[in-house]
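A quick write-up on the structure given underneath.
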Number of protein chains: 2
Amino acid sequence: MMARRPTIRSVAEEAGVSPTTVSLVLNNNASAIPEATKERVVQAVRKLGYRPNPSARALSSSQTHTIGFITDVIASSGYAGRSIAGAQELSWANDKVLLIVNTGGDAAITRAAVDMLCDRQVDGVIYAAMSMCGVDLPEALLQIPTILVNAYDRQSRFPAILADEELGGYTATRTLIDAGHRRIGMLYGVPEVDAGRERLIGHRRALDEAGIAFDPALVRADCWFPEGGYRSTKALMTLDEPPTALFCVNDWVAMGCYEAVKELGLSIPGDLAIIGYDNHELAGLLRPGLTTMQLPHYDLGRKAVECLLAPAGSVAPNAVIRLPCPLIRRQSV
Amino acid sequence: MMARRPTIRSVAEEAGVSPTTVSLVLNNNASAIPEATKERVVQAVRKLGYRPNPSARALSSSQTHTIGFITDVIASSGYAGRSIAGAQELSWANDKVLLIVNTGGDAAITRAAVDMLCDRQVDGVIYAAMSMCGVDLPEALLQIPTILVNAYDRQSRFPAILADEELGGYTATRTLIDAGHRRIGMLYGVPEVDAGRERLIGHRRALDEAGIAFDPALVRADCWFPEGGYRSTKALMTLDEPPTALFCVNDWVAMGCYEAVKELGLSIPGDLAIIGYDNHELAGLLRPGLTTMQLPHYDLGRKAVECLLAPAGSVAPNAVIRLPCPLIRRQSV
DNA sequence: GTGAAAGCGCTAACAC
DNA sequence: GTGTTAGCGCTTTCAC
């Protein structure tokens, strides 16, 4: 036989007041209630170990203190986990909790997930994409405060929190320039990936700003995995005037560079400085450690909750908030 | 002005029955209700687009259709994400949803998380650890069906779902033996890590079974990162009788092997066959592709939900369920 | 300042 | 077979 949990009534009796008073005190609506009464209530709560029943609270107030978190892909690299961690930490600090749904990118599941979150009356919804992209989300989300993470709504109906990829590209290349390089190549990703395109734009801005002419011969597309980085590095380094520094669209590509450089008997950063992007788990374990730009997934998640918690209307529906990618300095530049 | 959602009453009126009947039909307790009535109810539900209010349902039935999922570390490699994906998929198929809390390994947060999950009356709790280990969990969990993933309770109060690391070690080494190797080394992790120890035990069992004497000279401890794999491989390969195959305690270590082997001018698998563990994101991108054992995180998460959903009492509190690590064949053996 | 009372939307015991 | 009724534990309006 299990001891029943104390209810607000039992607390009220213990404190010699009515349930209303207890409720008022517990919800900080007690401006009109004298300290002495408050204190009695608080004591009773403590004595009984009372904890409000969230279901009951939700039913009568329609507030669940729950935030829905939808991810398209959760299972690959730890990025989703980092956004979740960021979102959860701030939620938790505000007595809210995350209801997580992973859709696998399936539109039908996304729709069902949104319906479910509406049913459950979550206080807000965060939609987080694995890799930055435009998305079309179900209409039903318009009913709930919603914010996108690492994605933007194609119809600009919801605010978006994004990594500032352009600035990241700029910073990466700028770092190379500041280290004295003038012939700087970029191993640029596939055109379908938005992030890669923006990093390239930042790259060119840094070049422009430093008065370095952009040399198309030093940019290689089609790099996304180590293999591509390997091949492109070999190609670039056998040019008549090879680059002295390389900005890789991601750390995988940089790993391919490393291999090529080693095979060529060259040294990093002596013969070729390398900067990556993503701060992959292995970046710090490479020899030499890979200097790279970190994706601010944790911050994105945190910021999303911050926006959701902000007073209604303080974030415009079409707002786009860009968070910087910190530079992680290691030994490859 | 927002349209209110239909309630069970409105459905009842629409169908010309009482709310009870609707409830009965919707909860499959309608054995006594004739098809015709059922049909009318179903029609009314469809017409109104009725969806039950989970908070109300939870309040009166004390069933939230929610499973609590506690992780110690969610933010690093994608493992946690895979367990979550596995758990969520099966939950979802059973109309349940995951409430996720990440504790960062902090005991106080864990305690608070458990209390919160009790408050919210989750139907069950899954506690998932990042790397396999013994844990001490709050008493309060005894109130709720609880199951551990990739961890075991030091007091054996809860069932555990684990990867069968011993069998994995056995299979890895067995794979090497089957490929014709007799001098097989192991780059074994740090003793503090349970998983590494068990993989070593499996390794020795495979050796024994094949009638190969265990040679301590071929086992190197202190490998966990690429650096360790690199150093140990160099050491082993300069032995008078170097191994022809190596079982690495994880894929990071195997990556270090790769580097050493290349520097020595040897080839994989010609001069040295290598098998790793974890099926790291990069394993398939290495040249040659790394043969490795996959950690069944997805399955662990899924199995946990399966146990939670099973009729009470069908999983003994001290049960330990071990799931095999599949062998991922690539080109390094 | 505090309390009584009416729900929130649903389930389930019991009555018919 | 179906409906009536009494909660589930809390919030909130309104009266005192």
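Just so it is clear: chains get the letters A, B, ... in the order the sequence lines come, proteins before strands, and each one is counted from 1.
Reading DNA chain C from its 5' end, the first and the last nucleotide to sit under 4.0 Å from a heavy atom of chain A are C:dG1 to C:dG9.
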What does the list of N/O pairs under 3.5 Å between the protein and nucleotides 1-3 of chain D look like, with a distance for each?
residue, atom, partner, partner atom, Å
D:dT2, OP1, B:T37, OG1, 2.9
D:dT2, OP2, B:T37, OG1, 3.3
D:dG3, OP2, B:S18, N, 2.7
D:dG3, OP2, B:S18, OG, 3.2
D:dG3, OP2, B:T21, OG1, 2.9

Would you list the atom pairs, donor with acceptor, under 3.5 Å between side chains in residues 99-110 of chain B and any protein atom, with sequence neighbours excluded?
residue, atom, partner, partner atom, Å
B:N102, ND2, B:T71, O, 3.3
B:N102, ND2, B:T71, OG1, 2.9
B:N102, ND2, B:D72, O, 3.1
B:T103, OG1, B:T71, O, 3.3
B:T103, OG1, B:G105, N, 3.0
B:D106, OD1, B:A108, N, 2.7
B:D106, OD1, B:I109, N, 2.9
B:T110, OG1, B:D106, O, 2.7

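The pair A:D119-B:R5 counts as a salt bridge, with a side-chain nitrogen and a carboxylate oxygen less than 4.0 angstrom apart.
Residues satisfying the salt bridge (charged side-chain N to carboxylate O under 4.0 Å, His left out) test with B:D194, not counting sequence neighbours, are B:R197. Evaluation of the side chain to side chain donor-acceptor pair (under 3.5 Å) rule for A:Q88 yields no partner, not counting sequence neighbours. Annotation: salt bridge (charged side-chain N to carboxylate O under 4.0 Å, His left out) contacts of A:D153 (sequence neighbours excluded): A:R157. Taking the salt bridge (charged side-chain N to carboxylate O under 4.0 Å, His left out) definition, one finds that A:E89 meets it with A:R302, sequence neighbours left out. By the salt bridge (charged side-chain N to carboxylate O under 4.0 Å, His left out) test, A:D123 pairs with A:K96, sequence neighbours left out.
Put simply, CZ on B:F69 and CD1 on B:I67 are 10.0 Å apart, with the number rounded to the nearest 0.5 Å.
Put simply, CD on B:Q121 is 9 Å from C1' on D:dC8, counting in whole angstrom units. Spacing between atom CD1 of A:I8 and atom C1' of D:dC8 amounts to 14 Å, rounded to whole angstrom units. Between A:L59 atom CG and D:dC8 atom P there is a gap of 13 Å when expressed in whole angstrom units. If you take CG of A:L26 and P of D:dC10, they are 9 Å apart, rounded to a whole angstrom.
When the local axes at the two ends of the helix from C:dG1-D:dC16 to C:dC16-D:dG1 are compared, using 5 base pairs at each end, they differ in direction by 40° after rounding to 10°.
Across B:I147, B:V125, B:N318, B:L141, a single residue satisfies side-chain contact (heavy atoms from CB on, under 4.5 Å) together with B:F158, and that is B:L141.
Near DNA chain D, defined here as any heavy-atom distance below 4.0 Å, there are no residues from residues 43-55 of chain B.
With a 4.5 Å cut-off on side-chain heavy atoms, B:V17 and B:T37 count as touching. Contact of the A:I84 side chain with the A:I74 side chain is registered, since non-hydrogen atoms from C-beta on lie closer than 4.5 Å.
The list of salt bridge (charged side-chain N to carboxylate O under 4.0 Å, His left out) pairs with a residue in residues 309-326 of chain B, not counting sequence neighbours, reads B:E198-B:R322. Applying the salt bridge (charged side-chain N to carboxylate O under 4.0 Å, His left out) test to every pair with at least one member in residues 129-138 of chain B, sequence neighbours left out, gives these pairs: B:D136-B:R154.
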